Amino acid sequence: MATMSLRIRTLDTFDDAAEALRAYVGAGYAAFGFPVDQAHLLAKATLVDPARYLLAEWDGEPVGGAGSYPLELTLPGGTQVPVAAVSDVGVAPSHRRHGVATELMRLQLRSFVDAGVPLAVLHASEAGIYSRFGFGACTRWRQVSIDARRVQFRADFPEVGGSLRVVQREDALEVCARVHDHARRVTNGGLSRPDSWWPVIMGDTDVYLGGTKDHLVMTHRGDDGHVDGYAIYKVDHDWDRGQANHTVRVWELLGETPRVELALWRALVEHDLIASVTGPIAVDHPLFDVALDCRQVGSSWEQDLLWARPLDVERLLSSRRFSVAGRLVLRVDDPLLADVGGCFALEVDHDGVAKCSRTSELPQIQMGISELGRVLLGGCSFRQLARAGQVSVLDDEAGSDADSLFRVDPLPWSWVRF
Ligand SMILES: CC(C)(COP(=O)(O)OP(=O)(O)OC[C@H]1O[C@@H](n2cnc3c(N)ncnc32)[C@H](O)[C@@H]1OP(=O)(O)O)[C@@H](O)C(=O)NCCC(=O)NCCS
């Protein structure tokens with residue numbers, strides 16, 4: 001096939017918006033192996049800004065696409081920066097490995113740089129795809145798996161008081177949105193969630209963002225009367241041989257404090273008829289430390305979650321806070337977007353506030369742009385990457401100095417699906 005026949009355009013260049021969306025969703029869903037139905041199209045139509053969605057056409061046929069949402073990400077120290085949250089990257093099985101995704105990513109990333117967006121983020125279906133485009137995994141997650149029949153909590157379990165209620169999804173929308181917004185602002189790695197997503201999340205259509213008619217919502221109300229946490233979950237019923245062995249599947253559980261989250265996890269574990277509780281959780285969540293026998297709070301798996309692609313190194317490093325005062329000269333190579341890379345001097349004062357600017361000094365550390373994505377939020381150390389041969393530490397002290405500067409506690413965490 002000749003590359004001449006590939007054309008990429010945004011959905012707002014079509015005369016008919018509904019037709020453009022159908023073509024886009026059709027190509028994307030084919031890539032992921034889903035049929036397109038009307039409910040999905042309607043849900044998607046409420047989320048998509050046509051100007052942000054690229055459709056790839058091969059000889060006039062839609063064969064792939066890539067979209068993005070304008071969100072905010074919280075950096076270490078609590079500053080929010082705008083990010084382009086890349087989503088729906090897909091190429092039809094018939095047209096794979098002809099460079100379609102490469103062209104989509106190149107155009108998309110260039111448009112973000114031109115618009116002044118400092119960072120792109122995504123979730124990868126497979127971890128081998130995106131480092132070539134400059135993305136690096138910056139947060140991890142665990143799928144917790146709790147044996148509800150055997151687990152016992154320690155006597156020093158940090159109680160929080162307050163009360164729990166199961167509420168109707170439609171009544172929970174506003175309070176969940178409020179708790180979520182608080183949590184994402186105080187969490188390193190937290191992503192914003194647009195208001196328009198909540199009706200989809202609380203709706204009946206099972207889209208990737210989260211809706212399904214089976215979801216229940218439990219809220220936690222503090223002693224002062226305000227709702228400060230929620231769990232969105234469903235119960236998979238198992239009455240094999242007349243015995244209840246149900247599983248609670250948590251979709252999202254958030255609280256304004258770790259204690260509130262622990263109270264919600266515990267309430268689900270102690271729910272009648274339940275044999276196990278599963279769900280996504282931060283890798284260093286205190287839930288792993290509050291059981292008498294910690295093996296009863298296990299993980300089914302742990303893996304990368306959010307991938308970060310720096311697009312404006314000076315802005316990102318000047319916006320995040322650092323753990324100690326110090327100075328570092330970094331060289332960042334970016335073969336795809338040469339104007340993004342360069343040599344940068346980072347100076348951090350005693351309050352952890354940084355200034356970062358381009359420099360002609362000799363670098364102490366040399367790294368690729370995807371490795372900068374990996375260390376940006378502090379979830380991965382420079383020395384870890386150096387041991388793997390992915391970062392070059394050019395002066396003896398620089399590796400430990402960089403790790404002291406970028407260190408965070410707790411680890412970054414990012415739960416919003418997009
Ligand atoms: C992943 C996907 C978008 C790639 O599209 P594509 O048009 O075939 O990609 P390209 O032809 O531009 O390939 C670019 C490079 O990535 C590599 N690559 C593509 N898919 C890969 C994968 N799944 N794992 C590892 N490498 C991959 C290609 O081999 C190629 O490498 P090269 O430049 O060294 O030759 C496509 O296979 C797809 O739609 N997969 C199913 C849906 C999906 O997983 N989407 C990603 C969502 S996060």
Side-chain angles (χ1 to χ4, degrees), residues 1-11 21-36 40 44 47-48 52-69 71 73 83-112 119-141 189 191 206-210 280 301 303-309 311 333-338 368-371 373-374 388 390 414-418:
M1 286 189 222
T3 45
M4 290 296 289
S5 50
L6 178 64
R7 178 184 183 206
I8 294 181
R9 53 180 173 146
T10 51
L11 297 191
L21 188 66
R22 179 176 291 280
Y24 177 82
V25 173
Y29 278 37
F32 286 95
F34 294 116
V36 181
H40 279 86
K44 198 81 187 165
L47 305 168
V48 165
R52 299 184 70 95
Y53 278 69
L54 298 174
L55 181 75
E57 294 172 304
W58 198 288
D59 287 339
E61 287 296 313
V63 296
S68 70
Y69 301 104
L71 305 184
L73 177 92
V83 296
V86 173
S87 186
D88 297 330
V89 179
V91 175
S94 52
H95 286 74
R96 281 184 190 154
R97 309 300 180 263
H98 292 293
V100 176
T102 303
E103 194 53 15
L104 283 164
M105 295 303 302
R106 199 184 59 75
L107 287 173
Q108 205 188 34
L109 291 171
R110 174 49 63 196
S111 74
F112 300 151
L119 188 72
V121 293
L122 55 73
H123 294 148
S125 61
E126 293 180 282
I129 304 174
Y130 287 103
S131 54
R132 77 190 68 240
F133 302 120
F135 288 85
C138 63
T139 70
R140 298 182 67 75
W141 69 292
L191 280 170
D206 190 0
V207 291
Y208 180 65
L209 289 180
W301 68 81
Q303 68 182 32
D304 55 281
L305 179 56
L306 194 71
W307 289 62
R309 205 293 177 200
L311 300 165
D333 298 318
D334 190 341
L336 192 67
L337 302 168
I369 192 78
S370 63
E371 283 69 40
R374 288 201 65 188
Q390 293 166 14
S414 164
W415 56 88
V416 169
R417 298 171 202 204
F418 55 88

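Order of listing sets the numbers, starting from 1, for every ligand and every atom in it. None of these values were measured; they are calculated from a predicted model.
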**Atoms of ligand 1 close to Val100 [distance to a heavy atom under 4.0 angstrom, numbered from 1]** = 7 (O), 12 (O)
**Complete:** Check: of Arg97, Arg106, Met105, Glu126, min heavy-atom distance to atom 4 (C) of ligand 1 comes from Arg97
**Those atoms of ligand 1 less than 4.0 Å from some heavy atom in Ala31** = 39 (O), 41 (C), 42 (C)
**Prompt:** Is any N or O atom of Ala124, backbone or side chain, closer than 3.5 Å to an N or O atom of ligand 1?
**Reply:** no
**Residue, atom name and distance, where the atom is the protein heavy atom closest to atom 25 (C) of ligand 1** = Gly128 O, 3.6 Å
**Asked** Nearest to atom 11 (O) of ligand 1, what protein heavy atom do you find, and at what distance?
**Response** Gly99 N, 2.9 Å
**Item:** Shortest protein heavy-atom distance from atom 39 (O) of ligand 1, along with the residue and atom involved
**Value:** Val91 N, 2.7 Å
**Prompt:** If you round to the nearest 0.5 Å, how far is CZ of Arg97 from OG1 of Thr102?
**Reply:** 9.5 Å
**Request:** Say whether, by atom type as modelled, one donor and one acceptor occur between the side chain of Arg96 and the main chain of Val91 under 3.5 angstrom.
**Result:** yes
**Asked** Do Val48 and Tyr24 touch side chain to side chain, with heavy atoms closer than 4.5 Å?
**Response** no
**Geometric class of the Trp58/His95 ring pair [parallel <30°, tilted 30-60°, perpendicular >60°]** = tilted
**Prompt:** So, for atom 37 (O) of ligand 1, does the protein have a heavy atom nearer than 4.0 Å?
**Reply:** yes
**Item:** Which residue and heavy atom of the protein sit nearest atom 24 (N) of ligand 1, plus the separation
**Value:** Ile129 CG1, 3.8 Å
**Message:** Among all protein heavy atoms in this structure, tell me which lies nearest to atom 45 (N) of ligand 1, with the distance rounded to 0.1 Å.
**Reply:** Val89 O, 2.8 Å
**Item:** Shortest protein heavy-atom distance from atom 3 (C) of ligand 1, along with the residue and atom involved
**Value:** Ala101 CB, 3.9 Å
**Prompt:** Among protein heavy atoms, which lies nearest atom 33 (O) of ligand 1, and at what distance?
**Reply:** Arg132 NH1, 3.8 Å
**Request:** Return yes when atom CZ of Phe32 has more than 12 non-hydrogen atoms of other residues, nucleotides or ligands closer than 6.0 Å, and no otherwise.
**Result:** yes
**Item:** Numbering as shown, the atoms of ligand 1 that approach Tyr130 to under 4.0 Å (heavy-atom distance)
**Value:** 46 (C), 47 (C), 48 (S)
**Request:** Verify side chain to side chain contact (heavy atoms under 4.5 Å, CB included) between Leu306 and Leu73, making sure each step is shown before the conclusion.
**Result:** CA-CA 11 Å; Leu306 194 71; Leu73 177 92; 3.9 Å; yes
**Request:** Report yes if some heavy atom in the side chain of Met105 is under 4.5 Å from a heavy atom in the side chain of Leu336; otherwise report no.
**Result:** no
**Protein contact to atom 12 (O) of ligand 1 [nearest heavy atom, distance to 0.1 Å]** = Thr102 OG1, 2.6 Å
**Message:** Measuring only between side-chain heavy atoms, which start at C-beta, is Tyr69 closer than 4.5 Å to Arg52?
**Reply:** no
**Request:** Enumerate the atoms of ligand 1 whose separation from the nearest heavy atom of Phe32 is less than 4.0 angstrom.
**Result:** 42 (C), 43 (C), 45 (N), 47 (C)
**Message:** Heavy-atom count check: over 12 atoms from other residues, nucleotides or ligands less than 6.0 Å from Arg22 CZ?
**Reply:** no
**Asked** Between Ser125 and ligand 1, is there a nitrogen or oxygen pair with a distance under 3.5 Å?
**Response** yes
**Prompt:** Roughly how far, to the nearest 0.5 Å, is CZ of Arg309 from CZ of Phe133?
**Reply:** 10.5 Å
**Item:** Any Glu103 heavy atom less than 4.0 Å from ligand 1
**Value:** no
**Message:** Using the ring centroid of each side chain, check whether Tyr29 and His40 are separated by less than 6.0 Å.
**Reply:** yes
**Per-atom contacts, ligand 1 versus Gly90 - under 4.0 Å to a heavy atom** = 39 (O)
